[in-house]
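Right, one structure below, let's go through it.
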There are 2 protein chains.
Amino acid sequence: MQERAKKTRIRILEAAVKLFSAQGFHGATIDEIAELAEVNKQRIYAYFGSKSQLFEAALLEVFERIELFSHDTLAHAEKHPEKITAIVMEGFLKVHKAHPDLWRLLAWANLEGSLCTEALNQARRQENERLRILYEQAVSDNLLRPIPFETWLFTLLAVTYFRFSNELTLVHTMNGISSMQKMERKLTADLNTLFTTENATE
Amino acid sequence: MQERAKKTRIRILEAAVKLFSAQGFHGATIDEIAELAEVNKQRIYAYFGSKSQLFEAALLEVFERIELFSHDTLAHAEKHPEKITAIVMEGFLKVHKAHPDLWRLLAWANLEGSLCTEALNQARRQENERLRILYEQAVSDNLLRPIPFETWLFTLLAVTYFRFSNELTLVHTMNGISSMQKMERKLTADLNTLFTTENATE
DNA sequence: AAATTAAAAACAAACGGTTGGTTTGTTTTT
DNA sequence: AAAAACAAACCAACCGTTTGTTTTTAATTT
């Protein structure tokens with residue numbers, strides 16, 4: 001594959017990520033993707049085979065590009081293990097805000113039943129293990145309550161995911177809270193105290 | 001509108017719920033819905049106007065039909081306020097399992113940016129308030145940790161939603177846990193201890 | 001260094017099928 | 001007689017995909 005071909009391949013992929021993320025598999029059209037990528041329609045079939053193969057390629061692309069736990073987050077959590085919940089939450093929220101494509105594509109994939117989910121988690125597993133070590137150390141240091149790592153991670157992932165995937169609904173539900181930002185701060189703080197032992201903050 | 005017309009209207013609505021929930025707005029087709037409802041295509045436009053209007057009608061239908069906190073759940077929680085977290089979680093999971101249409105339709109609506117979300121929450125608000133009273137009583141009785149009601153409810157809703165909307169992904173992520181049911185039980189138990197004060201269980 | 005050439009890359013245009021939406025006319029039920 | 005439901009066709013638009021042609025690139029030959 002020549003240099004020029006690689007570039008157009010990437011242009012297609014970027015357009016696909018953008019449009020699939022915005023409108024889903026059935027909502028986005030090959031014509032739109034081709035137009036946004038400034039590429040002839042047929043190139044898409046030449047490089048990706050079919051619409052569904054393009055979707056999976058786009059999904060994998062996003063997953064490999066984005067690291068859920070940034071170096072900063074892990075380093076920060078290492079220094080202040082008693083605040084690990086707040087730090088990781090803030091990290092999650094930041095990543096999701098910076099890459100809305102990520103959770104949207106994942107949401108579409110889950111609803112539409114994409115098949116490549118195994119490959120996705122392979123990429124994520126290694127990241128998880130680094131965090132697990134930090135977390136379990138904090139638990140045995142009696143900084144955190146003795147809740148299993150899986151439950152803790154699941155809760156944080158769930159809260160973050162829910163905050164974004166139900167934004168439309170939440171605006172009305174959580175009345176009394178004026179802004180989304182306020183809600184995030186409140187949630188982060190509350191969850192942090194929830195998972196922390198009482199003597200840790202002394 | 002005659003009796004017969006009402007029935008066909010309902011048949012259309014039920015078919016719409018089923019197919020929109022399964023395949024989303026763009027994925028489902030009017031022809032399929034008409035076929036499943038055993039109704040002439042034209043009747044759909046006679047009663048609902050357009051595809052998008054049918055979608056919103058289907059969404060509202062599901063929301064009004066399903067009560068998120070059943071009478072059983074609330075009664076049970078009233079008797080055992082120290083187990084309110086586990087009880088409500090189990091209730092949520094049960095409702096979601098019994099009505100997969102609910103969260104799927106909501107997920108599609110959120111992704112596709114439906115506009116009728118305001119109406120949805122109006123229906124939910126009253127239910128929330130009954131639960132709030134129970135919860136806040138349990139907090140002031142020192143059975144639960146002093147976490148705001150909103151954060152508590154948000155967490156439980158998020159965990160439940162996440163469990164269903166990311167089922168495909170989770171099967172691989174949470175390795176070491178053999179079945180989904182085991183995971184649910186673990187999560188429920190852990191969250192319950194998390195939100196309960198230590199003296200409550202004594 | 002310039003010309004040639006074959007493959008790779010990109011294009012334009014059309015294909016057959018399906019979509020949402022609508023209409024026209026007819027039959028059935030109330 | 002009016003309301004409800006039907007059958008069937010229509011439309012323009014769009015879907016994913018394919019075919020045939022032109023342009024660009026890079027290696028080869030002169």
Side-chain angles (χ1 to χ4, degrees), chain A residues 1-61 105 108-109 111-116, chain B residues 1-61 105 108-109 111-116:
Chain A
M1 184 177 283
Q2 294 181 359
E3 194 63 26
R4 188 167 51 129
K6 281 187 194 170
K7 283 187 182 175
T8 60
R9 214 191 89 100
I10 288 175
R11 279 214 312 282
I12 293 171
L13 220 41
E14 281 173 352
V17 167
K18 220 170 263 184
L19 289 175
F20 278 137
S21 146
Q23 322 197 41
F25 180 76
H26 289 105
T29 72
I30 294 287
D31 288 280
E32 282 176 333
I33 294 170
E35 195 188 340
L36 182 62
E38 289 181 311
V39 153
N40 188 279
K41 216 175 161 182
Q42 191 255 346
R43 284 293 93 193
I44 294 175
Y45 291 93
Y47 292 138
F48 297 96
S50 70
K51 194 188 183 185
S52 44
Q53 283 175 282
L54 177 62
F55 183 87
E56 304 223 329
L59 187 57
L60 282 170
E61 230 277 317
L105 273 178
W108 290 117
L111 279 171
E112 286 159 349
S114 282
L115 304 167
C116 61
Chain B
M1 185 178 282
Q2 294 180 359
E3 193 62 27
R4 189 166 51 126
K6 281 186 193 170
K7 283 187 182 173
T8 59
R9 216 192 87 101
I10 288 174
R11 279 216 313 283
I12 293 171
L13 222 39
E14 281 173 352
V17 167
K18 220 170 263 183
L19 288 175
F20 278 138
S21 146
Q23 321 197 39
F25 180 76
H26 288 104
T29 73
I30 294 286
D31 289 281
E32 280 176 335
I33 294 170
E35 196 188 340
L36 182 62
E38 292 182 309
V39 152
N40 188 278
K41 206 178 165 182
Q42 191 252 348
R43 287 292 93 192
I44 293 176
Y45 290 95
Y47 292 137
F48 297 97
S50 70
K51 193 187 185 184
S52 41
Q53 283 175 280
L54 177 62
F55 183 87
E56 304 223 329
L59 188 58
L60 282 170
E61 230 278 318
L105 272 178
W108 290 116
L111 279 171
E112 285 159 350
S114 282
L115 304 167
C116 61

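Note that the structure is predicted; figures quoted are calculated from it, not measured. So that the names make sense, note that chain A is the first sequence line, chain B the second, and so on, each numbered from 1.
A 6.0 Å sphere centred on CD of A:E35 holds no more than 12 heavy atoms belonging to other residues, nucleotides or ligands.
As judged by a 4.0 angstrom heavy-atom cut-off over every strand, A:Q53 is placed among residues making no nucleic acid contact. Within the nucleic acid shown, B:A28 comes within 4.0 Å of sugar-phosphate atoms alone, with no base atom in reach, counting heavy atoms only. Contact annotation for A:Y47: backbone-only contact, meaning every heavy-atom pair under 4.0 Å involves sugar-phosphate atoms and none involves a base. As judged by a 4.0 angstrom heavy-atom cut-off over every strand, B:Q42 is placed among the base-contacting residues.
Nucleotide D:dT18 holds its P atom 16 Å from the CZ atom of A:F48, rounded to whole Å. The separation between B:I44 atom CD1 and C:dG20 atom P is 10 Å, rounded to whole Å. When the P atom of D:dA26 is taken as reference, atom CD of A:Q2 falls 6 Å away, rounded to whole Å. When the C1' atom of C:dT26 is taken as reference, atom CZ of B:R43 falls 13 Å away, rounded to whole Å. Rounding to whole angstrom units, CD1 of residue A:I10 and P of C:dA9 are separated by 14 Å. Atom CD of B:Q23 and atom C1' of C:dT19 are 14 Å apart (whole Å). Nucleotide C:dA14 holds its P atom 18 Å from the OH atom of A:Y45, rounded to whole Å. Rounded to whole Å, atom P of C:dT29 lies 14 Å from atom NZ of B:K7.
The nucleotide whose nearest atom lies closest to any side-chain atom of A:S50 is, among D:dA4, D:dT17, C:dA12, D:dT17. Residue A:R4 has its side chain nearest to C:dA9 when only C:dA9, D:dG16, C:dT30 are considered. The B:D31 side chain lies nearest to C:dG20 when the options are D:dT24, D:dT17, C:dG20.
Looking at B:K41, its side chain comes within 3.5 Å of the base of C:dG21 through a donor and an acceptor atom. You won't find any donor-acceptor pair under 3.5 Å spanning the side chain of B:N40 and the base of D:dA5, going by distance alone.
Pair assignment for C:dT26 gives D:dA5, based on Watson-Crick or G-U wobble hydrogen-bonding distances that are each under 3.5 Å.
Heavy-atom minimum distance, B:L19 versus B:A28: O-CB, 3.7 Å.
When the side-chain nitrogen and oxygen atoms of B:T29 are compared with OP1 and OP2 of C:dT18, none of them lie within a distance under 4.0 Å.
Rounded to the nearest 0.5 Å, atoms CG (B:L13) and CZ (B:R9) are 6.0 Å apart.
The aromatic rings of B:F20 and B:F55 sit perpendicular, their planes meeting at an angle over 60°, well past the 30° parallel limit.
Nearer the 5' end of DNA chain D, as judged by each residue's closest nucleotide, is the contact made by B:V39, out of A:E32 and B:V39.
Put simply, the side chain of B:E32 reaches to within 4.5 Å of the side chain of B:Q23, judged on heavy atoms.
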